[in-house]
Amino acid sequence: MFALIDCNNFYASCERNFDPKLVGKPIVVLSNNDGCVIARSEEAKQLGIQMGAPAFQCQEQFDKHGVEIFSANFTLYGDMSRRVMSILSKYSPVQEIYSIDECFLDLNGIDEDLSQYGLKMKKQVDLFTGLPISVGIAPTKTLAKAANRIAKKFPKQTRGVHVIDTDELRLKALKWLDIGDVWGIGRRSAAKLHKNGVYKAIDFIKLPESWVLKNMTIVGLNLQKELKGLPVIEMEREEKHKSISTTRTFETDYHSFDQLKERIVTFTTLCADKLRRQNSLCKRMSLFIKTNIHKETRTQYSKSIDIKLPFPTSSTLELIEFAVEGLTSIFKENLHYKRAGVTLSDFVDADQHQLSLFFNSNPKHEKLMQAVDEINQKYHKNLIRVATTDTQTFKMKQARLSPCYTTNIDDVIKVKIG
DNA sequence: TCTGGGGTCCTAGGACCC
DNA sequence: TCTGGGGTCCTAGGACCC
């Protein structure tokens, strides 16, 4: 059996957690630059505020109902996530952290009544962090997702925990579940399935396997098996990322090469930091620049470049060199740039990689980077930095940023009590 | 005026190999 | 006149997730 545990309205719950005045009020959290709605409390959902809606289009609604608005505070959410995950990790030897607010647990070998077990998790997370969670338990990961959905939809009947452990319960769930709400079925597949008369998950498992394979690839077929109760999707045990990216929409348009260069160099630095933290080297880097797609009257330009590195590296200095070279080759003058990003991929372990015959990462950089990382960790995030980067790492509009309650002592002192 | 960010997986088609 | 077949690797793009 697998459990899928997730936090209810995670970002909104984190904000509410530290300010009791917010209990019972509609809360929304906005994306970077305060652009779109990316999280809503239950009350905000009731008002009909849509996920992903541009904030400026919702302003009237916000004013009318006194919606509490927050700029995304990922430092806070990340820290709360670590706490929740750490508690849940005690409930199984095998945990897969699936997203910032979700994890799977392998419950094989757990002897207790699973419903009680789920309730115990919920109580402990609430006691230690104050965050509400929902628990779905079933024989496959896809069914655990479905069970979780039921737990969330019917909090009174389920108390936030739902277990699918018989065929009867499985079929009952599939009759209730819309096909578009199945984990792995997106808009495109849902539309295709609707055309073929499939509206509920139960209709989907009745389709011939050959049709599913032909029209939805192996992914669709695996999904179908999972809904039938046959486990196909396994627990992911690798904790290292396979790619790392930093991308941003700018608050204003950028025109010059130097402005973009500063951003690309800063993004590269952030990616390299993350890369070293997971003790990897990368063999590939890609970067892109884009104009504002919402300004249709202006000249549009979107270009990316993929760079195969001559040797694996995690040196910020070396990566920056490649990044600037890449940017030079795709940059065009006289345009209004609005977005850019850097992605590192093709990782190898730092401890056990093959040296190249002709080109290798500068061996001095390894120690240099280690020293820089240690100093920055000890004193201040950007105490030592490459001169091309801006001290203001994120140039974003964050008009309503909450304090980093759990990670920044200065922030905590600033919070007014009462 | 104002429109997010970070991931994973699969497939088709081209380039290349023998 | 008649010009193969099997395989791998790479990459762009699509689809999906939260």
Side-chain angles (χ1 to χ4, degrees), chain A residues 4-11 28-40 50-60 62 69-74 77-78 81 96-104 141-142 145 148-149 180-193 213-223 232-234 236 238-253 267 270-271 274 278 283-284 286 288 290-296 302-308 336 338-347 394 396-399:
Chain A
L4 184 274
I5 300 108
D6 77 349
C7 302
N8 305 347
N9 314 323
F10 182 55
Y11 298 166
V28 299
V29 177
L30 305 182
S31 62
N32 284 340
N33 283 318
D34 294 345
C36 297
V37 173
I38 55 165
R40 305 156 296 160
Q50 293 300 307
M51 183 71 172
F56 72 92
Q57 287 176 5
C58 303
Q59 198 53 53
E60 214 171 295
F62 293 166
I69 305 157
F70 289 91
S71 305
N73 183 345
F74 291 112
Y77 312 149
S81 168
E96 175 190 337
I97 297 176
Y98 179 68
S99 76
I100 192 163
D101 75 330
E102 265 179 71
C103 74
F104 287 100
K141 287 170 87 175
T142 309
K145 271 280 196 183
N148 179 285
R149 205 176 184 85
D181 291 336
V182 171
W183 184 45
I185 300 288
R187 292 164 76 136
R188 301 298 279 263
S189 302
K192 194 185 283 180
L193 288 165
L213 181 62
K214 193 172 161 223
N215 291 281
M216 301 175 67
T217 77
I218 189 76
V219 182
L221 193 58
N222 285 342
L223 214 55
V232 179
I233 305 172
E234 294 179 352
E236 198 74 56
E238 180 61 68
E239 77 287 2
K240 289 186 180 179
H241 285 137
K242 294 171 181 170
S243 70
I244 291 171
S245 26
T246 306
T247 66
R248 288 289 179 279
T249 300
F250 313 136
E251 200 187 343
T252 56
D253 291 350
F267 297 166
L270 289 165
C271 287
K274 274 198 197 171
Q278 71 163 39
K283 294 193 290 184
R284 179 180 298 272
S286 65
F288 73 85
K290 266 186 204 309
T291 51
N292 192 340
I293 55 164
H294 299 292
K295 297 247 170 75
E296 287 162 15
S302 168
K303 186 86 180 162
S304 72
I305 183 167
D306 206 47
I307 305 160
K308 203 173 168 183
H336 305 266
K338 185 69 173 167
R339 253 171 77 70
V342 172
T343 301
L344 305 180
S345 56
D346 262 23
F347 299 156
F394 297 109
M396 292 186 303
K397 187 175 159 202
Q398 291 184 305

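Reminder, nothing fancy here: chain letters follow the sequence lines and each chain counts from 1. What you are looking at is a predicted structure, and each value in this text was computed from that prediction instead of being measured.
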- Query: Of all the choices, dT3(B), dT8(B), dT11(B), which nucleotide is nearest to the side chain of T217(A) once you look at every atom?
  - Reply: dT11(B)

- Message: Students often get this wrong, so: under 4.0 angstrom with heavy atoms, is L30(A) touching a base, only sugar-phosphate, or nothing?
- Response: nothing

- Testing dG7(B), dC18(C), dC9(B) for proximity to the side chain of W183(A), the answer is dC18(C)

- Could you state the NZ-C1' distance from K290(A) to dG4(B), rounded to the nearest angstrom? 13 Å

- Please determine, for the side chain of D306(A), which listed nucleotide (dG7(B), dG5(B), dA12(C)) has the closest atom? dA12(C)

- Note on the structure: Partner of dC18(B) under the Watson-Crick or G-U wobble criteria, both distances under 3.5 Å, comes out as dG5(C)

- Task: Considering only NZ, NE, NH1 and NH2 on the basic side and carboxylate oxygens on the acidic side, decide whether E102(A) and K145(A) come within less than 4.0 Å.
- Result: yes

- Whole-Å distance, F74(A) CZ to dG6(B) C1', equals 9 Å

- Task: Using whole Å, report how far CG of N222(A) lies from C1' of dC9(B).
- Result: 11 Å

- Message: Applying a 4.0 Å non-hydrogen cut-off, can you work out what I100(A) is touching in the nucleic acid: base, sugar-phosphate, or nothing?
- Response: nothing

- Message: Under the criterion side-chain contact (heavy atoms from CB on, under 4.5 Å), I'd like the reasoning laid out for L30(A) against S71(A): C-alpha separation, chi angles, the key distance, then a yes or no.
- Response: CA-CA 5 Å; L30(A) 305 182; S71(A) 305; 5.7 Å; no

- Message: Checking contacts here: which listed nucleotide (dG7(B), dA15(C), dG4(B)) is nearest the side-chain heavy atoms of R188(A)?
- Response: dA15(C)

- Query: With a non-hydrogen cut-off below 4.0 angstrom, is Y98(A) in contact with a base, only sugar-phosphate, or nothing?
  - Reply: sugar-phosphate

- Query: Ignoring hydrogens and geometry, is there a side-chain-to-backbone donor-acceptor pair from E96(A) to E236(A) under 3.5 Å?
  - Reply: yes

- Identify the two heavy atoms, one from F250(A) and one from A340(A), that lie closest to each other, and give their separation to 0.1 Å. CZ-CB, 3.6 Å

- Item | Of the listed nucleotides dG4(B), dT3(B), dG6(B), the one nearest the side chain of S245(A) | dG6(B)

- With respect to the phosphate group of dG4(B), does any side-chain polar atom (N or O) of N33(A) fall under 4.0 Å of OP1 or OP2? no

- Query: D346(A) CG to dC9(B) C1': how many Å, rounded?
  - Reply: 15 Å

- Task: For the side chain of T247(A), starting at C-beta, report the closest nucleotide among dG4(B), dC16(C), dG6(B).
- Result: dG6(B)

- Message: At 4.0 Å (heavy atoms only), tell me whether D101(A) reaches a base, stays on the sugar-phosphate, or touches nothing.
- Response: sugar-phosphate

- Within this structure, what is the NZ-to-C1' distance between K338(A) and dT1(B), rounded to whole angstrom? 10 Å

- Picking from dC9(B), dG7(B), dT11(B), the nucleotide nearest the side-chain atoms of K242(A) would be dC9(B)

- Query: Would you say T249(A) reaches dG4(B)'s phosphate, i.e. side-chain N/O to OP1/OP2 under 4.0 Å?
  - Reply: yes

- Message: From the set dG7(B), dG4(B), dC16(C), return the single nucleotide nearest to any side-chain atom of S189(A).
- Response: dC16(C)

- Task: Please determine if K240(A) forms a cation-pi arrangement with F347(A), meaning its NZ or CZ atom is less than 6.0 Å from the six-membered ring centre and no more than 45° off the ring axis.
- Result: no

- Can you find a pair of side-chain heavy atoms, one from I185(A) and one from L223(A), that are under 4.5 Å apart? yes

- Query: Looking at dC10(B), dC10(C), dC18(C), which one has an atom nearest to any side-chain atom of V219(A)?
  - Reply: dC10(B)

- Measure from CD1 on I97(A) to P on dG7(B) and round the result to the nearest Å. 14 Å

- Message: Check the phosphate of dC2(B) against K295(A), side-chain N and O only, distance under 4.0 Å to OP1 or OP2. Yes or no?
- Response: yes

- Query: Is any side-chain nitrogen or oxygen of K145(A) closer than 4.0 Å to OP1 or OP2 of dC18(C)?
  - Reply: yes

- Query: To the nearest angstrom, how far is E60(A) atom CD from dC2(B) atom C1'?
  - Reply: 15 Å

- Task: Return the 5'-most residue of the pair G35(A), K274(A) with respect to DNA chain B, ranking by each residue's nearest nucleotide.
- Result: G35(A)

- Item | Pairwise P distance for dT3(B) and dC18(C), with rounding to whole Å | 25 Å

- Item | 5'-most by nearest nucleotide on DNA chain B - H294(A) or S243(A) | H294(A)

- Query: Contact class for I185(A) (heavy atom, under 4.0 Å): base, sugar-phosphate, or nothing?
  - Reply: sugar-phosphate

- Looking at T343(A) and S245(A), what are the two nearest heavy atoms and their distance? OG1-CB, 3.2 Å

- Message: Quick check for you: among dG4(B), dC18(C), dC10(C), whose closest atom lies nearest to any side-chain atom of C36(A)?
- Response: dG4(B)

- Report the distance from atom CD1 of I69(A) to atom P of dG4(B), rounded to the nearest whole Å. 17 Å

